[in-house]
2 protein chains.
Amino acid sequence: MSAASFYAKVPKHLVAVDCIIFGFDEGRLKLLLIQRKVAPMAGEWSLVGGFVQEAESTDEAAARVLEHTTGLNNIYMDQLRCYGDVARDAGARVISMAYYALIRINEHDRPLAQEHGAHWLELHEIPTLIFDHNRMIADALKQLRNNAQFHPIGFELLPEKFTLSQLRSLYEEIYQKTLDKRNFRKKILALDVMEKLEEKDKTSSKKGAHLYRFDAQKYEALQRKGLVFEI
Amino acid sequence: MSAASFYAKVPKHLVAVDCIIFGFDEGRLKLLLIQRKVAPMAGEWSLVGGFVQEAESTDEAAARVLEHTTGLNNIYMDQLRCYGDVARDAGARVISMAYYALIRINEHDRPLAQEHGAHWLELHEIPTLIFDHNRMIADALKQLRNNAQFHPIGFELLPEKFTLSQLRSLYEEIYQKTLDKRNFRKKILALDVMEKLEEKDKTSSKKGAHLYRFDAQKYEALQRKGLVFEI
DNA sequence: ACAAAAGTGTTTTCGGTACACCCATGT
DNA sequence: ACATGGGTGTACCGAAAACACTTTTGT
């Protein structure tokens, strides 16, 4: 059998990407969801998604879809998992790869997002979404919690410069529990993966809090020592 | 735009599943690999794989492919990730979902596997495989190590009844480091997820070692208590 | 009797957790 | 002067790690 005929008899499928886009704002984790403006399911709430084209990888498709809605590129994205049930999409048999993205909410293009019917919703505000999108979100949250514990991905959600209080409140929001201020500072500073800046942020206190910046080089040094980032 | 035309202009793709099948035998982790008997790439080493059909989910496709080669069903399988680069498959644009499976090596249908050109290879014997299959294996190993630490999946690789020495040697093989005998016994027995049988296994010592069996109910009880399985 | 693997406790060490007060500054 | 969030050190506890000898039994 030739290679051509080997592939010729095989059925082909629509392959979608759906993006669970996390942001962190006003001390709350938020998700970017859209109210669809087009059929099918116009008016329904949904994740941001699209179809994989001929000339792009699935990862590229997810990045394209994200940029299309937020104007952002070069964003932390990771595969969540494949949703491949035959009847998961009411309109056609569509195999969907879900990706989750962590963005700095203040850096995205708000007008562009609005044009696409996108809204930032807090976790407790999430409505019923089309298809299996609620399940995708639940899986993404679990994944975010698992990954944030052992990988320095929380920084992707904060502004480039941030205070330790902001960082702590982010982890408190992710884990839904309060963290001891002194223990948190001790732990994160001991990891030595951030650069302490001279600058202070005075927006939330009179005294002002030092700003820090995640330092990828320091993180690599930590890894080379065989140590594991853990919050 | 109608729903039909919405889907009609979208390109479709070949979607494959590739299975990284782990077994444990003679104290060694092994992988089931095949020497392809059909074009393209006949004679080359490869993972066990196949294409997703119209009427099956991706998970079902992976289970079908596994059963086709090993005769086993109802096996622990989990999605690894999607490999979706445009040119990853030399023959055509194929998006592949990789799954990893843990099987009891002695329960599979050896003659059937041989008919398909399948061989069990130890990790250090793995040759260069087609496409990105070596990368898939590397990713699967990482995933196996991560998951085995916090989920009771090691038992999927052992016979139903096993000794504590077998269990320990499995974890030593997975983590590639020796584990203290007393500490290991203390830890695993404290979790209370196994049933101790009266029977003894005398194949590897004169004295004989007690056999144990994983008890899913006990494991659920552990989870209900909010405790985490950890080795 | 001896070889070969099974089985068993205690001590030390280290990291995690709990916890309360002073500091700097804008108003 | 006081209110507000920023910043700091120590004591305790429990889990993990290190460690060596006795038991059983087939040959």
Side-chain angles (χ1 to χ4, degrees), chain A residues 26-28 145 148-150 158-159 161-213 222 225-231, chain B residues 26-28 145 148-150 158-159 161-213 222 225-231:
Chain A
E26 300 166 324
R28 289 278 175 275
R145 289 186 175 126
Q149 191 168 1
F150 296 106
L158 292 175
K161 302 172 181 182
F162 52 86
T163 67
L164 288 180
S165 293
Q166 287 176 298
L167 185 61
R168 180 165 51 88
S169 97
L170 168 63
Y171 281 102
E172 288 181 336
E173 174 72 1
I174 292 177
Y175 298 134
Q176 289 291 301
K177 69 173 186 183
T178 61
L179 300 173
D180 181 86
K181 182 166 58 157
R182 279 171 291 188
N183 292 339
F184 181 82
R185 296 174 71 93
K186 204 188 312 170
K187 202 164 180 177
I188 190 80
L189 291 175
L191 288 172
D192 190 27
V193 295
M194 304 183 306
E195 182 189 357
K196 182 177 186 173
L197 305 176
E198 287 311 312
E199 267 176 281
K200 286 192 166 192
D201 173 314
K202 296 212 169 187
T203 56
S204 63
S205 85
K206 330 264 170 156
K207 183 176 174 181
H210 274 101
L211 287 165
Y212 288 80
R213 177 159 43 194
L222 181 78
K225 277 188 256 172
L227 298 177
V228 178
F229 178 91
E230 183 179 354
I231 292 290
Chain B
E26 299 165 323
R28 289 280 175 275
R145 289 184 176 128
Q149 193 169 0
F150 296 107
L158 292 175
K161 301 173 182 181
F162 52 85
T163 67
L164 288 179
S165 293
Q166 287 175 299
L167 184 63
R168 180 165 50 88
S169 98
L170 169 62
Y171 281 101
E172 288 181 338
E173 174 73 1
I174 292 176
Y175 297 134
Q176 290 290 303
K177 70 173 185 182
T178 61
L179 300 173
D180 181 85
K181 183 165 55 156
R182 279 171 292 189
N183 293 338
F184 181 82
R185 296 174 72 94
K186 205 187 311 171
K187 199 165 181 177
I188 190 79
L189 291 175
L191 289 171
D192 191 28
V193 295
M194 304 183 305
E195 181 189 358
K196 182 177 186 175
L197 306 175
E198 287 311 310
E199 267 176 283
K200 286 191 164 191
D201 173 314
K202 295 213 168 187
T203 56
S204 65
S205 84
K206 329 265 170 155
K207 185 178 174 181
H210 275 101
L211 287 164
Y212 289 79
R213 178 160 40 196
L222 181 78
K225 277 186 259 175
L227 298 176
V228 178
F229 179 92
E230 183 180 355
I231 292 289

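Only a predicted model underlies this, so the values are computations on that prediction, with no experimental measurement involved. Chain letters run A, B, ... following the sequence lines, proteins first and then strands; every chain starts at 1.
If you take NZ of A:K187 and C1' of D:dG9, they are 18 Å apart, rounded to a whole angstrom. We find that NZ of A:K186 is positioned 10 Å from C1' of D:dT8, with the value rounded to whole Å. If you take NE2 of A:H210 and C1' of D:dG5, they are 15 Å apart, rounded to a whole angstrom. For A:E230 and C:dT17, the CD to P distance is 9 Å, given to the nearest whole Å. In this structure, the CG atom of A:D180 is 14 Å from the C1' atom of C:dC21, given to the nearest Å. The interatomic distance linking A:L179 (CG) with C:dC19 (P) rounds to 15 Å, in whole Å. Separating the CZ atom of A:F184 from the P atom of D:dG7 is a distance of 13 Å, rounded to the nearest angstrom. Put simply, CG on A:L191 is 12 Å from P on C:dG15, counting in whole angstrom units.
Put simply, the side chain of A:I231 reaches to within 4.5 Å of the side chain of A:F184, judged on heavy atoms. Residues A:L197 and A:H210 form no side-chain contact, since every pair of their non-hydrogen atoms from C-beta on lies 4.5 Å or further apart. Counting heavy atoms from C-beta outward, A:M194 and A:L189 have side chains that approach closer than 4.5 Å. Between A:R145 and A:Q149, every side-chain heavy-atom pair lies at or beyond the 4.5 Å cut-off. Residues B:Y171 and B:L179 meet the side-chain proximity criterion, which asks for heavy atoms closer than 4.5 Å.
Under 3.5 Å, the side chain of B:K207 and the base of C:dA6 form at least one donor-acceptor pair of N or O atoms. The base of D:dT24 does not come close enough to the side chain of B:K206 for any donor and acceptor atom to sit less than 3.5 Å apart. Between the base of C:dA6 and the side chain of B:R185 there is no donor-acceptor pair shorter than 3.5 Å. With hydrogens and angles left out, the side chain of B:R182 and the base of C:dA6 share no donor-acceptor pair within 3.5 Å.
Heavy-atom distances to DNA chain C give each of A:N183 and A:S205 a nearest nucleotide, and the one nearer the 5′ end belongs to A:N183.
Set against C:dA6, C:dA18, D:dC19, the side chain of B:S204 has C:dA6 as its closest nucleotide.
Regarding contacts with the backbone of C:dG26, a side-chain N or O of A:K202 is found under 4.0 angstrom from either OP1 or OP2. One finds a side-chain N or O of B:S165 lying less than 4.0 angstrom from the OP1 or OP2 phosphate oxygen of C:dA6.
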